[in-house]
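All heavy atoms count here, side chains included; hydrogens, waters and symmetry mates do not.
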Amino acid sequence: MKGVTDLMRRPFVAGNWKMNLTLAEARQLVGGLRERVAGRPPLDLAICPSFVLLFPVSEAIKGSPFALGAQDVYFQDKGAFTGEVSPAMLVDAGCTYVIIGHSERRHVIGETGDLLARKVRAAQKAGLHVIYCVGEKLEEREGNRTEVVLGRQIDEVFGPDVDLSRLTVAYEPVWAIGTGRNATPAQAQEAHRFIRNRLARVYNEGLAGQVRIQYGGSVTAANAGELMSQPDVDGALVGGASLKADEFAKIIEATIAAKGLK
Ligand code: PGA
């Protein structure tokens with residue numbers, strides 16, 4: 001395993017803008033974030049705009065604590081793949097991170113484990129840090145299949161050729177995304193522990209203990225503190241609340257406080 005360091009559990013809060021914001025709105029939001037989150041906060045921060053906003057946002061965040069991430073990527077380097085974007089193009093546009101396997105990609109667009117496994121490897125080969133999303137649907141949780149689903153989503157992508165030092169897992173229960181119904185801190189902790197144990201089966205306990213696992217799904221300023229206090233929750237992947245500068249800044253502050261970073 002290459003380059004595994006003890007920095008890997010550094011808390012990490014990322015905003016997933018999804019298919020939202022015009023260029024003017026994006027610039028305004030970045031301006032608001034720069035006012036509220038200055039200096040060198042003791043955690044990693046990223047924002048993930050749509051493809052068309054990546055380059056202008058990379059310019060807008062220069063000198064701020066925010067890094068840039070994309071919401072998806074294709075696994076080929078270049079060629080006749082109309083509509084797709086390569087890992088090298090993301091790096092060229094200023095990206096450090098890329099989200100892979102978001103539940104909207106899995107369940108709305110129909111992406112499969114095999115495709116996601118290729119995307120993860122291609123993104124890392126280009127030097128990107130991957131945010132790999134996993135999460136069960138409501139009927140899977142209610143049918144007591146959460147662990148089966150999470151285990152499969154881990155097993156079909158991870159292997160010795162995936163570099164854990166450039167990998168964050170995001171646990172995002174599908175029933176909690178955009179619904180206003182977040183997982184309870186205990187539910188999040190239980191799922192995060194399961195994910196960590198599963199990673200230990202693929203790698204080993206020491207390495208699995210170093211992997212950052214974000215929680216995502218209706219994270220707000222009001223619930224972030226409690227969620228982020230859980231021992232296996234290392235940050236948040238925030239959708240709706242990342243579109244409001246004040247709210248997102250408060251989530252970042254709550255994470256810093258919950259992790260005792262001040
Ligand atoms: P939400 O989305 O915060 O709006 O629930 C989270 C996500 O999908 O990453």
Side-chain angles (χ1 to χ4, degrees), residues 2-17 29-49 57-58 60-70 94-99 127-133 163-172 182-183 185 188-189 192-193 195-196 199 206-262:
K2 293 171 279 174
V4 175
T5 71
D6 57 6
L7 285 179
M8 287 172 55
R9 288 288 288 277
R10 182 175 158 92
F12 178 25
V13 176
N16 172 12
W17 291 359
L29 176 53
V30 170
L33 289 173
R34 294 187 75 119
E35 272 170 33
R36 289 166 181 82
V37 189
R40 288 169 148 253
L43 75 179
D44 289 339
L45 300 173
I47 44 181
C48 305
V57 170
S58 83
I61 59 176
K62 275 202 178 124
S64 84
F66 291 91
L68 189 69
C95 289
T96 303
Y97 298 99
V98 60
I99 299 171
L128 292 162
H129 183 115
V130 172
I131 302 172
Y132 177 65
C133 302
D163 179 359
L164 288 187
S165 71
R166 277 186 287 135
L167 197 287
T168 296
V169 177
Y171 169 60
E172 299 206 309
N182 61 284
Q189 169 57 26
H192 284 225
R193 183 105 289 263
I195 291 165
R196 209 176 284 294
L199 286 170
L207 287 173
Q210 303 271 322
V211 176
R212 270 192 307 212
I213 308 178
Q214 293 175 317
Y215 169 78
S218 298
V219 176
T220 62
N223 62 27
E226 245 196 319
L227 285 161
M228 298 305 123
S229 304
Q230 300 301 308
D232 283 293
V233 177
D234 305 308
L237 182 55
V238 185
S242 74
L243 298 171
K244 297 173 219 141
D246 246 345
E247 183 82 4
F248 193 47
K250 282 184 186 147
I251 291 170
I252 294 166
E253 280 160 24
T255 305
I256 292 171
K259 293 297 178 199
L261 296 173
K262 254 189 181 146

Check: Quick check: does any side chain N or O of Glu247 sit under 3.5 Å from a backbone N or O of Thr220, one acting as donor and the other as acceptor?
Finding: no

Checklist line | Heavy-atom donor-acceptor pair, Arg9 side chain to Gly209 backbone, under 3.5 Å | finding: yes

Checklist line | Aromatic ring pairing His129/Tyr97, orientation class (parallel under 30°, perpendicular over 60°, tilted between) | finding: perpendicular

Interatomic distance, [X] atom [atom1] to [Y] atom [atom2] [nearest 0.5 angstrom]:
{"X": "Leu207", "Y": "Leu199", "atom1": "CG", "atom2": "CG", "result": "10.0 Å"}
{"X": "Asp44", "Y": "Gln214", "atom1": "CG", "atom2": "CD", "result": "9.5 Å"}
{"X": "Phe12", "Y": "Asp234", "atom1": "CZ", "atom2": "CG", "result": "11.5 Å"}
{"X": "Ile131", "Y": "Leu167", "atom1": "CD1", "atom2": "CG", "result": "10.0 Å"}
{"X": "Ile252", "Y": "Leu261", "atom1": "CD1", "atom2": "CG", "result": "12.5 Å"}
{"X": "Arg196", "Y": "Asp232", "atom1": "CZ", "atom2": "CG", "result": "4.5 Å"}

Margin query: Looking at Glu226, I'd like to know if its CD atom is crowded, meaning that more than 12 non-hydrogen atoms belonging to other residues, nucleotides or ligands lie closer than 6.0 Å.
Written below: no

For residues [X] and [Y], report the shortest heavy-atom separation together with the two atoms involved.
{"X": "Pro41", "Y": "Val37", "answer": "CG-CG1, 4.0 Å"}
{"X": "Ala60", "Y": "Val30", "answer": "O-CG1, 3.6 Å"}
{"X": "Ala188", "Y": "Tyr171", "answer": "CA-CE2, 4.5 Å"}
{"X": "Val238", "Y": "Val219", "answer": "CG1-O, 4.0 Å"}
{"X": "Thr255", "Y": "Met228", "answer": "OG1-CG, 3.5 Å"}
{"X": "Leu29", "Y": "Ala245", "answer": "CD1-N, 3.5 Å"}

Margin query: side chain to side chain contact (heavy atoms under 4.5 Å, CB included) for Tyr215 and Asn182? Distances and angles first, verdict last.
Written below: CA-CA 10 Å; Tyr215 169 78; Asn182 61 284; 3.8 Å; yes

Notebook entry, point to check: side chain to side chain contact (heavy atoms under 4.5 Å, CB included) between Ile47 and Ser242: does it pass, once the steps are laid out?
Noted result: CA-CA 8 Å; Ile47 44 181; Ser242 74; 6.0 Å; no

Check: Are any non-hydrogen side-chain atoms of Phe66 and Val57 less than 4.5 angstrom apart?
Finding: no

Margin query: Against Leu237, only a single residue in Val169, Asn16, Thr168 fulfils side chain to side chain contact (heavy atoms under 4.5 Å, CB included); can you say which?
Written below: Asn16

